[in-house]
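Everything below concerns the one structure shown next.
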Amino acid sequence: MGTSLDIKIKRANKVYHAGEVLSGVVVISGKDSIQHQGVSLTVEGSVNLQLSAKSVGVFEAFYNSVKPQKGKLTPSPVDFTITPETLQNVRERALLPKFLIRGHLNSTNCVITQPLTGELLVESSEAAIRSIELQLVRVETCGCAEGYARDATEIQNIQIADGDVCRSLSVPIYMVFPRLFTCPTLETTNFKVEFEVNVVVLLHPDHLITENFPLKLCRT
Amino acid sequence: MAVFPWHSRGRNYKAEFASCRLEAVPLEFGDYHPLKPITVTESKTKKVSRKGSTSSTSSSSSSSVVDPLSSVLDGTDPLSMFAATADPAATDSSRKRRDRDENSVVGSDFEPWASKRGEILTRYTTTEKLSINLFMGSEKGKGTATSAMSEKVRTRLEELDDFEEGSQKELLNLTQQDYVNRIEELNQSLKDAWASDQKVKALKIVIQCSKLLSDTSVIQFYPSKFVLITDILDTFGKLVHERISSLCVDHRSVLPDHFSPENVNDTAKETCLNWFFKIASIRELIPRFYVEASILKCNKFLSKTGISECLPRLTCMIRGIGDPLVSVYARAYLCRVGMEVAPHLKESLNKNFFDFLLTFKQIHGDTVQNQLVVQGVELPSYLPLYSPAMDWIFQCISYHAPEALLTEMMERCKKLGNNALLLNSVMSAFRAEFIATRSMDFIGMIKECDESGFPKHLLFRSLGLNLALADPPEGDRLQILNEAWKVITKLKNPQKREVNTVLADVIKHMTPDRAFEDSYPQLQSIIKKVIAHFHDFSVLFSVEKFLPFLDMFQKESVRVEVCKCIMEVFIKHQQEPTKDPVILNALLHVCKTMHDSVNALTLEDEKRMLAYLINGFIKMVSFGRDFEQQLSFYVEARSMFCNLEPVLVQLIHSVNRLAMETRKVMKGNHSRKTAAFVRACVAYCFITIPSLVGIFTRLNLYLHSGQVALANQCLSQADAFFKAAISLIPEVPKMINIDGKMRPSESFLLEFLCNFFSTLLIVPDHPEHGVLFLVRELLNVIQDYTWEDNSDDKIRIYTCVLHLLSAMSQETYLYHIDKVDSNDSLYGGDTKFLAENNKLCETVMAQILEHLKTLAKDEALKRQSSLGLSFFNSILAHGDLRNNRLNQLSVNLWHLAQRHGCADTRTMVKTLEYIKKRSKHPDMGHLTELALRLPLQTRT
């Protein structure tokens, strides 16, 4: 370890708004003398789309066929009801146990520093409930002249109910947005970053029910 | 060196006493007198000015009686002076803080968690094998099923779940003790991780531990598991809070107890926020809840309203916990941290209670019932598992709660079916008075409860506990008793007949198959309740079944515990000495049981405790004027309690006291019969003392008993005691054990010998032995004793001997014992006796001077000076300075004391002043001349 360089920003929470001056110090420490041609500071922003095994397929599917869509603004707040009948992508609907789950999200337009809130209530369920989770997904869409690629990544999963919860007793929906993995919803000609939340209900013995809600995040 | 002769100064003790005495002043009623009862007046405001120096006449009426201690200090005593000068702002602010604390901190009438802890751990145990899974395998499978995470993301998310990188610990087949040890290890590794600055690892440990609380296998153990794991959470909460506090503090200042978030700097806030963000991202509900609750207090760093917002949210969050048992414990934990951090936020406590009522029906739902079947646990043993958590929640809510709320809670509980469990917790946690006044209501509710659910006897037990604390309405009592009787016999009522019936019934139930062996704690508790009510021991022991009840405690440790309880109560409440044969028989039996439990392995503390209790008993036994009976009791006690030294010591003192009592009754003139009796007492002591171990105990008892013998005119017996003491001195070891520490014994020996000399003054010589034979024997022993090399104690003792011999050469001694002729009247100032006495003095003086000479070395000069001065003082006090040689010797000693500049000038000045003052007394004129020959050395 010869020389080390440390950039120390003055503000403890490291949050700056446009127009503000970012100030601090650069600490360079070393045992021996070091030669340098001046110290300069540059700020760079980059987006990196990684092609995982899964997103390759997605990339192929969207290739040449899908145009970037204008982000549809979901009305806020939103109420929802989940029953076997409301589900899509079910293989054998008859095998599903009966259940009725109701809930609402206080807003799908969220301030990034405020938690996502709402309530969920299991009115009835034949099968015992194993778990109810909130899954936060980031969707990145990238486009150029040749076509578009879309990649969805789970960035946080929060369990809000564990075990066979009491019927007809509302369970709070509450999720803090992780600071390092979320940003305001972003839409440019070639590139989009969007967020979605899935309410995931796991029933005994092995049923998985997902309800998807697009979110719009912003910074105030 | 020439031998100096000794000439004692003749003393007229009577005249000296008269001259030293203060003038007696007759007192009028209302005059000031220092020993009058003191009405303490505030000395700050009442400054007493006193004219003159005669304290007895200055103050006037009794209303202005002044504390003599403070009046000495001219008005203000040092403590109030100190308080008055202290910064007034400081006291003011501390008072303010106290006022505030009263609102925000629970009082001592709130039973703390710490006292519940131990009880839970001992009550909820298991013999089944337990497991600790520190990396929930099933979780992983569930994760893959849930979502399509990229490998990278999964690793990142599981980073928090994983304890050590890549380690998966599953510990199976643990016994309960193993489990407790493992948890303790985790607690330690948490502290270690924290200390070595591995904060993330610390957090991982806490998360892993809280996860264990979602595991309900071996459900009987769950309450204890909760206790163990919340201990870890407490540790963690404390560590985080301390760390953030330390960040708030600049280098010097300390964060005040009641700081506001504005006083917290950005770094501290950011660190605090970071913790909350980290915790908010914990995947699983239960660990996320527990870890956040554990650092609830840290919200204070962020905002004023933080806690009041957080508590309701966490309360709601618990609704997500499906298992009712897990959820009720989560509520208990939240109520606990809530009470610690913000006891004024009652709303959340109540919300927890009402939410719990809403989920109550789950207990009888399929999920729980299936689980019980799988684990083979019956409902009556499952339901009591809820009690510790519910009791705690109920206790938090009912603390200082208005009656209306309690009534509402009770009504809400009533509405739910099969509410025995709730009923029990209500009875455990609510104020005893509240319960007692509604006893009949409660009995009604208890009767309605389903037999198959919560055990009814536990309900009656809870009710009984309340009734033991608060009285039910007078009219209801009999009915309560009758109702309770039908079910179980544990209700206590302090009536002899009823108690007897209850005890008999318990005995009847517990004796078959030695059932009592499994119920010692309960039986013990019954005994405690009984003796708490019976302060009259003659009534208690006449309860027919009491002793048979005691016989059920067949395990020795429990038996001894019970005996100790009985004796403690006896000592506390027995006011009058007793000779009641019922009490004596029973308590002798009880004490004997305690005594017989002593063996080689018994701890010193335990022995001390037992001896204290037995002594308390012995002191309370009195047969009044039947002294012989009393002595035979002491003889019996000695044979019973021979293994406890303090008891034997007590017995010796008691017997000595008995002898002195006898003397008092006979007004000093023993009859043939009483003389024989006191000799029997003396003999008792003489043969008991040698069985003791403590050397100074023996020495002091020999001396003391010798004095008693002397006072009762048992001269040869007294001689025997003193001889025994003298022959014991050579055995005094260099070091003795005082309270577990080894200390040099010389100072104790010095003290003892001085005391001994004072007694020897009045011991008459034995006609068949030589003059002063005891003193001579003692001197020989002192001469032969191996003293510490660098100590002057031997010489100090010789100086004391010189004082003794001077006192012995007086015509009339300073004090006497009534009806004992001391040497002064035996010899009547016989010249031969005086010559013997002087010869002894010379020998002793020679020894002293010899020793002073050996001190003429550099390192010992200081000792030489002080010893020289002390010897000088002795000569001044006891020697006849009209004798030229003695006079010369004292002048020499004066010079010696000052020779090397070691003397304290002030002492020398004072001494000289004293001599000059004395020289003014009649017959002391020769001191004027002496004073002139004593120069004062000036220090340069």
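Chain letters run A, B, ... following the sequence lines, proteins first, then strands; residues in each count from 1. All of these numbers come straight from a predicted model, not from anything done at the bench. Hydrogens, waters and symmetry mates are skipped; everything else that's a heavy atom, side chains included, is used.
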Could you pull out the closest heavy-atom pair between [X] and [Y], with the gap in Å?
X        : Y        : answer
A:Leu169 : B:Leu358 : CD1-CD1, 3.6 Å
B:Ser214 : A:Asp162 : CB-OD2, 4.0 Å
A:Asp164 : B:Gln362 : O-NE2, 3.1 Å
A:Pro172 : B:Cys316 : CD-O, 3.2 Å
A:Phe177 : B:Phe277 : O-CE2, 3.9 Å

First locate atom [atom1] of [X], then atom [atom2] of [Y], and finally report the distance between them rounded to the nearest 0.5 Å.
X        : Y        : atom1 : atom2 : value
A:Ile160 : B:Arg319 : CD1   : CZ    : 12.5 Å
B:Arg313 : A:Tyr174 : CZ    : OH    : 3.5 Å
A:Cys166 : B:Ile321 : SG    : CD1   : 13.0 Å
A:Gln156 : B:Ile282 : CD    : CD1   : 10.5 Å

Min side-chain heavy-atom separation B:Ser281-A:Val176 under 4.5 Å: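 No, side chains not in contact.
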Close side-chain approach of B:Arg283 and A:Glu133, heavy atoms under 4.5 Å: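 With C-beta onward as the side chain, the pair touches.
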Heavy atoms from other residues, nucleotides or ligands near CG of A:Asp6 exceed 12 (cutoff 6.0 Å): yes
Over 12 non-hydrogen atoms of neighbours within 6.0 angstrom of CD in B:Glu347: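 12 or below, so no.
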Part of A:Arg167 lying under 4.5 Å from any heavy atom of chain B: backbone
Part of A:Ser168 lying under 4.5 Å from any heavy atom of chain B: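 The answer is neither part of A:Ser168.
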Basic-acidic side-chain contact under 4.0 Å: A:Arg179, B:Glu270: yes
Side chain, backbone, both or neither of B:Lys361 within contact of chain A (heavy atoms, under 4.5 Å):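 For B:Lys361, the side chain is the part near chain A, not the backbone.
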Engaged part of B:Asn274 at the chain A interface, taking heavy atoms whose separation is under 4.5 Å: both
B:Arg288 (side chain) donor-acceptor with A:Gln159 (main chain) under 3.5 angstrom: yes
